[in-house]
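Side-chain atoms are counted along with the backbone in the values below, which use heavy atoms only and exclude waters and symmetry mates. Proteins come first, then strands; the chains are lettered A, B, ... in the order of their sequence lines, and each starts at number 1.
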Number of protein chains: 2
Amino acid sequence: MEAIEHDKRKCPSHLSGTECTKMLLPVKDALDILSGKWKLQIILSLSFGKKRFKQIQREIPGLTPKMLSKELKELEINGLAERRVYDTLPVSIEYELTSYGKTLQPLIGELHKWGTKHRKRIIARK
Amino acid sequence: MEAIEHDKRKCPSHLSGTECTKMLLPVKDALDILSGKWKLQIILSLSFGKKRFKQIQREIPGLTPKMLSKELKELEINGLAERRVYDTLPVSIEYELTSYGKTLQPLIGELHKWGTKHRKRIIARK
DNA sequence: GGTATCGCTTTCCTAAAGTATAGCGGTATA
DNA sequence: TATACCGCTATACTTTAGGAAAGCGATACC
């Protein structure tokens, strides 16, 4: 990450096949986890405690069951959230952030920090 | 950003219209700046110094002039990059990151950090 | 029996993002 | 004169993300 400080050692004239490409991959992975219209809101919702499907949907206006279902699956696959089935009658299902999911906190914090500065800048420039 | 620590004070049962929605906006702004197929690579490329249009294109395989042009414009609009016209003959044009653009560094660093851990985790789980 | 809630899935559709290809005005180079 | 590089733009197309609507199996409630 010294790249941005003009560290010429690691990035010779073309980027492909160099260390640069390698460093891009994890950054893109992280971005993938967070991008999309609903992921962040769902993560945020779950960060306040375990929730049921409909409960999440109610909390996030505009979110369709299809999207919610899809996003929850992805969160699960990535180990960020967990689906818990309780054998009550009828079965109730709850989703919650895993402790791994909570490790996103500093990252989201950094996004928030930069985004806030950016907002101010945009508004100031108008 | 204490949300993830289960801070119930700020986020009552539904998220819309609360502090939560407000905090989402800057995060989304930041995400917007970075997401898309090419933005990151372009920023990274420019982080190694000023570059010309074709030069950037050559460094990033698959990047079409249309996309590059579009992304550079967005970077400029957002104050992250600058377009400099030099009146050599023929005119040469260079793009470079503004100092503001360089403030993305810690954010990208955080993305890289989390993404790297995530990669390891994914690989380990297979 | 009728209606409602839960946790989804399915199908179809639209809008936005991205790709492929061509071209243009300018300059230089052989 | 022909060819090539530069910095793009324009047009047309494909691919992906997301939305809208319906429905399904199970249970429960009146």
Side-chain angles (χ1 to χ4, degrees), chain A residues 13-14 16 24 28-46 49-78 81-97, chain B residues 13-14 16 24 27-29 31-46 49-78 81-97:
Chain A
S13 62
H14 70 107
S16 58
L24 269 174
K28 283 189 177 172
D29 289 345
L31 236 29
D32 255 20
I33 297 287
L34 269 356
S35 67
K37 194 167 172 185
W38 305 107
K39 289 222 187 75
L40 230 111
Q41 287 174 79
I42 295 169
I43 291 170
L44 189 61
S45 165
L46 290 180
K50 33 173 93 169
K51 299 265 169 73
R52 303 180 62 171
F53 192 92
K54 280 283 168 181
Q55 211 173 346
I56 302 170
Q57 210 193 319
R58 261 183 255 113
E59 281 178 4
I60 305 173
L63 176 54
T64 63
K66 177 190 165 186
M67 278 297 119
L68 179 53
S69 166
K70 194 194 125 212
E71 306 288 33
L72 285 172
K73 265 172 203 157
E74 285 182 36
L75 289 178
E76 234 198 309
I77 285 166
N78 288 308
E82 227 180 329
R83 183 181 190 265
R84 289 251 178 86
V85 184
Y86 296 95
D87 56 351
T88 51
L89 265 181
V91 284
S92 55
I93 292 160
E94 288 187 336
Y95 294 89
E96 68 179 312
L97 276 195
Chain B
S13 62
H14 69 108
S16 58
L24 271 174
V27 181
K28 284 190 175 170
D29 287 346
L31 237 29
D32 255 22
I33 298 287
L34 269 357
S35 66
K37 194 167 175 187
W38 305 108
K39 290 223 186 77
L40 231 112
Q41 287 174 80
I42 295 169
I43 290 170
L44 189 61
S45 165
L46 290 181
K50 33 173 95 171
K51 299 265 169 72
R52 302 180 63 171
F53 193 92
K54 280 283 170 185
Q55 211 174 345
I56 303 170
Q57 211 194 321
R58 260 182 256 113
E59 281 178 4
I60 305 174
L63 176 54
T64 62
K66 180 188 163 185
M67 277 298 118
L68 178 51
S69 166
K70 194 195 123 210
E71 305 288 33
L72 285 172
K73 266 172 205 159
E74 284 183 36
L75 289 177
E76 236 198 306
I77 285 167
N78 288 307
E82 226 179 328
R83 182 181 190 264
R84 288 252 176 87
V85 184
Y86 297 94
D87 57 351
T88 52
L89 267 180
V91 284
S92 55
I93 291 160
E94 288 186 337
Y95 293 89
E96 69 179 312
L97 278 195

Requested in this report: Check whether any side-chain heavy atom of A:Leu46 lies under 4.5 Å from a side-chain heavy atom of A:Ile42, and answer yes or no.
Outcome: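 Of all side-chain heavy-atom pairs linking A:Ile42 with A:Leu46, at least one is under 4.5 Å.
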Query raised in the report: Less than 4.5 Å apart, any side-chain heavy atom of A:Leu24 and any of B:Gln41?
Result: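 With C-beta onward as the side chain, the pair touches.
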Expressed in angstrom and rounded to an integer, what is the separation of [X] atom [atom1] from [N] atom [atom2]?
| X | N | atom1 | atom2 | result |
| --- | --- | --- | --- | --- |
| B:Leu40 | C:dA17 | CG | P | 17 Å |
| B:Ile42 | C:dG18 | CD1 | P | 11 Å |
| B:Ile60 | C:dT19 | CD1 | P | 12 Å |
| B:Asp87 | C:dT27 | CG | C1' | 15 Å |
| B:Gln55 | D:dC5 | CD | P | 15 Å |
| A:Leu72 | C:dC6 | CG | P | 15 Å |
| B:Tyr86 | C:dG26 | OH | P | 23 Å |
| B:Gln57 | D:dC6 | CD | C1' | 11 Å |

Going by the rule side-chain contact (heavy atoms from CB on, under 4.5 Å), which residues pair with [X] if we only count those two or more places apart in sequence or in a different chain?
| X | answer |
| --- | --- |
| A:Lys70 | A:Met67, A:Glu74 |
| A:Pro65 | A:Phe53, A:Gln57 |
| A:Arg52 | A:Gln55, A:Ser92, A:Glu94 |

**Report entry** Letter per nucleotide, 5' to 3', of nucleotides 13-30 of chain D [B base touched, S only sugar-phosphate touched, - untouched; heavy atoms, 4.0 Å]
**Finding:** -----BBB------SS--
Report task. Identify which nucleotide among D:dG7, C:dC6, C:dG7 has an atom closest to any side-chain atom of A:Ile93, counting heavy atoms from C-beta outward. Result ->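 My answer, after comparing the listed nucleotides, is C:dG7.
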Report task. Using side-chain hydrogen bond (donor to acceptor under 3.5 Å, both in side chains) as the criterion, list what pairs up with A:Thr64, not counting sequence neighbours. Result ->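 A:Thr64 satisfies side-chain hydrogen bond (donor to acceptor under 3.5 Å, both in side chains) with no other residue.
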Would you say [X] reaches [N]'s phosphate, i.e. side-chain N/O to OP1/OP2 under 4.0 Å?
| X | N | result |
| --- | --- | --- |
| A:Arg52 | C:dG7 | yes |
| B:Arg58 | D:dC6 | yes |
| B:Ser69 | D:dC8 | no |

Close N or O pairs between protein and nucleotides 1-4 of chain D (under 3.5 Å):
none

Query raised in the report: Looking only at heavy atoms, which two atoms of A:Glu82 and A:Glu76 are closest? And how far apart?
Result: CA-CG, 4.4 Å
Query raised in the report: Any donor-acceptor pair under 3.5 Å linking the side chain of A:Lys39 with the backbone of A:Ser35?
Result: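 Here the side-chain-to-backbone pair exists.
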Query raised in the report: Looking at OG of A:Ser45 and CD1 of A:Ile60, how far apart are the two atoms once the value is rounded to the nearest 0.5 Å?
Result: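 Here the rounded value is 5.0 Å.
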